[in-house]
Engineer: 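After the structure tokens below, expect a handful of questions from me.
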There are 2 protein chains.
Amino acid sequence: MTTKKELVENETCPAQGLLKLLSGKWKLEIFRLAFDAPVRFSSLLRQIEGSNKQSLSVALRELEEVELLEKIVITAKPLHIEYHMTPKGKSMVPVLKQLENLL
Amino acid sequence: MTTKKELVENETCPAQGLLKLLSGKWKLEIFRLAFDAPVRFSSLLRQIEGSNKQSLSVALRELEEVELLEKIVITAKPLHIEYHMTPKGKSMVPVLKQLENLL
DNA sequence: CGGAATCCTATATGATACTG
DNA sequence: CAGTATCATATAGGATTCCG
């Protein structure tokens, strides 16, 4: 089996791996929302229109795998889970801003 | 019908459109090769291992549509065609370099 | 609430043959 | 040489149901 991390490292083009981290239909939107404050699953589902549980679930897991988001579980009732942006995640934000300005 | 350009403009997240310009398995690699010098189809096909005519063809057309590459046709025999990076394309390079440094 | 499992559709990519 | 056309496969995304 090949892990996500290996895939990223096998790229001939260095930036490819980086773009892959945020590729897909919902990751960038999740990422943007998580920047302002920690986000919760149901909140994302409500805010990101057109999305669905399955796709958000996959996207969140992948963002977590590459350590752009960190999942915080608070074992209370009802279960409370938050996704926080990691330092690595935060470091990408200014570059993404520059990308936006290019368009 | 919806054009590529419209899709890009409809994104909620501004950077999404930018990422989409270079999304896919081969575009970034093509883009990188085209930065050094104008590239030709057969040359790309040889240099980018694992690729194939069909995929490169599609990728090139899309890069052309969003004006990151310009296609130059020299109607001689044999037919000579070059893909050049546009000013818009060149403007993206430094930002991509920064992305690479983040990984 | 926060998902995972399943099933299905859409889009991306690939192999190959053909063309001006 | 520089592709396009066609067909096949692989991956991404979506709808729905189920579970702790």
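Letters A, B, ... mirror the listed sequences (proteins, then strands); counts begin at 1. Side chains are part of it too, since the values below use all heavy atoms of this structure and drop only hydrogens, waters and symmetry mates.
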Engineer: Give the cluster check for A/L45 versus A/I81: same hydrophobic cluster or not, with ILVMFWY residues linked at side-chain heavy-atom distances below 4.5 Å.
Structural biologist: yes
Engineer: In plain terms, say whether A/E29 and A/R32 are close enough for a salt bridge, that is, a side-chain N and a carboxylate O under 4.0 Å apart.
Structural biologist: yes
Engineer: Remember a base hit wins even if backbone is also touched, and classify A/K77 as base, sugar-phosphate or nothing at under 4.0 Å, heavy atoms.
Structural biologist: nothing
Engineer: Whole Å only: how far is the CG atom of B/L19 from the P atom of D/dA12?
Structural biologist: 16 Å
Engineer: Between B/L60 (CG) and D/dG3 (P), how many Å, whole number?
Structural biologist: 7 Å
Engineer: Please give me every residue in residues 28-48 of chain A whose heavy atoms get under 4.0 Å of an atom in DNA chain D, ordered by residue number.
Structural biologist: none
Engineer: Pick the nucleotide of DNA chain C nearest each of A/P78 and A/R61; which residue has the one closer to the 5' end?
Structural biologist: A/P78
Engineer: Go along nucleotides 13-20 of chain C 5' to 3' and tag each nucleotide: B for a protein heavy atom under 4.0 Å from its base, S when only backbone or sugar atoms are that close, - otherwise.
Structural biologist: SBB-----
Engineer: Rounded off to whole Å, could you give me the CD-to-P distance for the A/E82 and C/dC1 pair?
Structural biologist: 15 Å
Engineer: Hey, what do you get for CG (A/L21) to CG (A/L28), rounding to the nearest 0.5 Å?
Structural biologist: 11.5 Å
Engineer: Find the distance B/Y83:OH to D/dC1:C1' and express it as a whole number of Å.
Structural biologist: 11 Å
Engineer: Have a look at the helix from C/dC1-D/dG20 to C/dG20-D/dC1 and give the angle its two end axes make, five pairs each, rounded to 10 degrees.
Structural biologist: 50°
Engineer: Hey, could you give me the CZ/NZ distance between A/F31 and A/K90, rounded to the nearest 0.5 Å?
Structural biologist: 10.5 Å
Engineer: Can you name the closest pair of heavy atoms from B/L18 and A/L99 and give their distance?
Structural biologist: CG-O, 3.4 Å
Engineer: Short question: side chain of A/T86, backbone of A/E67 - any donor-acceptor pair under 3.5 Å?
Structural biologist: yes
Engineer: Hey, quick one: are B/V93 and B/L22 part of the same hydrophobic cluster, counting side-chain heavy atoms closer than 4.5 Å, chains of contacts allowed?
Structural biologist: yes
Engineer: Could you check whether any side-chain N or O of B/Q16 sits under 3.5 Å from a backbone N or O of A/G24, counting only pairs where one atom can act as donor and the other as acceptor?
Structural biologist: yes
Engineer: Specify the separation, in whole Å, of atom CD1 of A/I72 and atom P of C/dG3.
Structural biologist: 12 Å
Engineer: What is the distance from CG of A/L63 to P of C/dG3, rounded to the nearest Å?
Structural biologist: 13 Å
Engineer: Specify the separation, in whole Å, of atom CD of A/E49 and atom C1' of D/dG14.
Structural biologist: 16 Å
Engineer: Has B/K88 got a side-chain atom pairing as donor or acceptor with B/V66's backbone, closer than 3.5 angstrom?
Structural biologist: yes
Engineer: Do any N or O atoms from the side chain of A/K27 and from the backbone of A/S23 form a donor-acceptor pair under 3.5 angstrom?
Structural biologist: yes
Engineer: Is B/M92 reachable from B/F35 through a run of I, L, V, M, F, W or Y residues, each pair having side-chain heavy atoms under 4.5 Å apart?
Structural biologist: yes
